[in-house]
Amino acid sequence: MIGPRSGPRNHILDIAGLSIGHAEDERVKSGSTVLLFDEPAIASLAVLGGAPGTRETDLLAPENTVTGVDALVLSGGSAFGLEAASGVMARLAETGRGFAVAGARVPIVPAAILFDLANGGAKDWGTAPPYRDLGYRAASQAGADMRLGRVGAGFGARTACGIGGLGSASTVLENGVTVAALVAVNAVGSPLMGDGPHFWAAPFEIGTEFGGFGLPSPLPPDVASPRTKFDAAPGANTTIGIVATDAVLDKGAAKRLAIAGHAGLAKAIFPSHTDFDGDLVFAAATGRSRVAFDPRDRASVLLGAAAASTMARAVARGVFAARRGG
């Protein structure tokens with residue numbers, strides 16, 4: 001059997017019809033990331049953390065009316081960061097994007113946030129939090145920005161092993177469908193096994209995309225002991241991500257793909273999905289490959305497995321890049 005292979009850029013931008021923008025505030029030590037879709041994409045989400053922060057996510061439930069989103073936003077800033085979506089909406093409205101209703105157009109921009117308010121940056125913004133501006137700037141300069149690590153929503157992220165970051169990865173299935181992930185890693189837990197350089201996601205690494213360290217031998221004696229941030233408080237952490245594919249999915253199948261993405265978080269971060277994280281995964285399908293998946297078919301299992309392994313790799317790539325100064 002041929003092993004998995006990444007796309008040519010090993011990034012969520014291997015999905016055609018997507019662009020990405022980042023904006024950061026060095027003084028605040030925070031930032032925002034936006035994923036834009038050339039045409040509205042089918043989307044859903046799954047929340048498994050105990051302290052989520054979201055905007056416009058109810059409309060992603062399979063039973064609700066709106067089927068397509070124009071963009072997805074990941075941001076630092078806790079609840080303040082949800083305003084990044086307002087900036088993205090303003091930028092999209094300028095270009096005529098949005099859901100047509102009553103003679104107007106309303107851009108559909110769900111968002112999720114992580115808590116980076118306690119990372120040492122200046123948060124004395126008074127009545128003018130920077131996130132609407134960050135969202136607008138990120139959307140205005142969106143393109144083929146493939147930076148990883150300390151960038152965008154991952155700019156001020158931290159984990160139990162120290163620095164967090166923004167990661168991405170992609171996988172191409174045997175039928176030509178591409179699955180990709182984008183994630184901002186700000187977890188209570190650790191992506192590393194013990195004190196060494198070995199990532200929990202090591203079994204899924206393709207080549208040396210996050211250092212090629214493999215698994216430690218022997219395993220550290222305390223490897224099963226959870227490593228966490230000791231200053232954890234409700235909402236003070238959170239890993240937020242997106243799984244995207246060019247497959248044809250409906251909202252129900254997209255939700256299943258988001259759940260599979262959470263399996264990747266569990267494989268890459270220990271512990272994950274805690275009471276102190278707001279772990280959330282969006283899923284989006286552009287349909288550009290024109291390949292549909294029957295949920296009763298083995299191919300749908302492989303799609304979910306790829307979502308999990310790709311998300312795990314994205315977590316490790318983001319932290320690896322941040323630790324290297326990226």
- Message: Quick test of your reading of the model: are Asp133 and Arg137 salt-bridged, counting only N-O distances below 4.0 Å?
- Response: yes
- Message: Go through it in stages, so that I can follow the logic: the residues are Asp38 and Arg97, the test is salt bridge (Lys or Arg N to Asp or Glu O under 4.0 Å), and I'd like the CA-CA distance, side-chain angles, deciding distance and then a yes or no.
- Response: CA-CA 10 Å; Asp38 288 356; Arg97 291 290 304 274; 5.9 Å; no
- Message: In this structure, is the centre-to-centre distance between the rings of Tyr131 and Phe80 below 6.0 Å?
- Response: no
- What distance separates His22 NE2 from Thr33 OG1, expressed to the nearest 0.5 Å? 5.0 Å
- Do the side chains of Phe155 and Leu148 join up, straight or via other hydrophobic residues, at under 4.5 Å, putting them in one cluster? no
- Atom CG of Leu36 and atom CG of Asp70: how far apart are they, to the nearest 0.5 Å? 9.0 Å
- Query: Do Val177 and Val172 pass the side-chain contact (heavy atoms from CB on, under 4.5 Å) test, and can you show the C-alpha distance, the side-chain angles, and the key distance before you say yes or no?
  - Reply: CA-CA 6 Å; Val177 165; Val172 180; over 6 Å; no
- Are Phe213 and Ile269 connected in the hydrophobic side-chain network, where two residues link if heavy atoms are under 4.5 Å apart? yes
- Item | Salt-bridge contact Arg27-Asp124 (side-chain N to carboxylate O under 4.0 Å) | yes
- Verify same cluster id: Leu13, Val34 (apolar side-chain graph, 4.5 Å): yes
- Query: Is it true that Arg150 and Glu26 have a side-chain N and a carboxylate O under 4.0 angstrom from each other?
  - Reply: yes
- Message: In the structure I gave you, are the side-chain heavy atoms of Asp14 and Thr171 within less than 4.5 Å of one another anywhere?
- Response: no
- Given Phe293 and Asn175, is the side-chain contact (heavy atoms from CB on, under 4.5 Å) satisfied, shown in steps? CA-CA 11 Å; Phe293 286 79; Asn175 62 3; 3.5 Å; yes
- To the nearest 0.5 Å, atom CZ of Phe204 lies from atom CD of Glu209 at 12.0 Å
- Task: Report yes if some heavy atom in the side chain of Arg313 is under 4.5 Å from a heavy atom in the side chain of Ser6; otherwise report no.
- Result: yes
- Roughly how far, to the nearest 0.5 Å, is the CD atom of Glu56 from the CG atom of Leu72? 11.5 Å
- Item | Validation row: Thr238, Leu280 side chains within 4.5 angstrom (heavy atoms) | no
- Query: Can a donor-acceptor pair be found between the side chains of Glu94 and Tyr136 at a distance below 3.5 Å?
  - Reply: yes
- Gap separating the CD1 atom of Ile206 from the OG atom of Ser170, nearest 0.5 angstrom: 7.5 Å
- Query: Would you say Ser309 and Pro4 make side-chain contact, with heavy atoms under 4.5 Å?
  - Reply: no
- So do the side chains of Leu173 and Leu303 get within less than 4.5 Å of each other, counting heavy atoms only? yes
- Message: So which atom in Ser225 and which in Phe270 form the shortest heavy-atom distance, rounded to 0.1 Å?
- Response: C-CE2, 4.2 Å
- Item | Side-chain heavy-atom pair Asn237, Leu114 within 4.5 angstrom cut-off | no
- Can we say Glu63 and Lys251 salt-bridge, meaning some charged N sits less than 4.0 Å from an Asp/Glu carboxylate O? no
- Task: In plain terms, say whether Glu24 and Lys29 are close enough for a salt bridge, that is, a side-chain N and a carboxylate O under 4.0 Å apart.
- Result: no
- Task: Take Thr274 and Asp277, measure what side chain to side chain donor-acceptor pair (under 3.5 Å) needs, and give me the verdict at the end.
- Result: CA-CA 5 Å; Thr274 75; Asp277 288 292; 2.7 Å; yes
- When every non-hydrogen atom of Val315 is compared with those of Val183, the smallest separation belongs to N-CG1, 3.7 Å
- Message: Looking at every heavy atom in both Leu82 and Ala111, which two are closest together, and how far apart are they?
- Response: CD2-O, 4.2 Å
- Message: With heavy-atom distances below 4.5 Å as the criterion, would you say the side chains of Leu92 and Val109 are in contact?
- Response: yes
- Polar side chain donor-acceptor pair, Ser30 to Asp116, under 3.5 angstrom: yes
- Are Val281 and Leu45 close enough that some pair of their side-chain heavy atoms sits under 4.5 Å apart? no
- Task: Determine, for Arg227 against Asp195, whether the closest basic-nitrogen to carboxylate-oxygen distance falls under 4.0 angstrom.
- Result: yes
- Item | Short N-O contact, Asp250 and Arg256, less than 4.0 angstrom | no
- Interatomic spacing from CG in Leu35 to OG in Ser19 - rounded to 0.5 Å: 7.0 Å
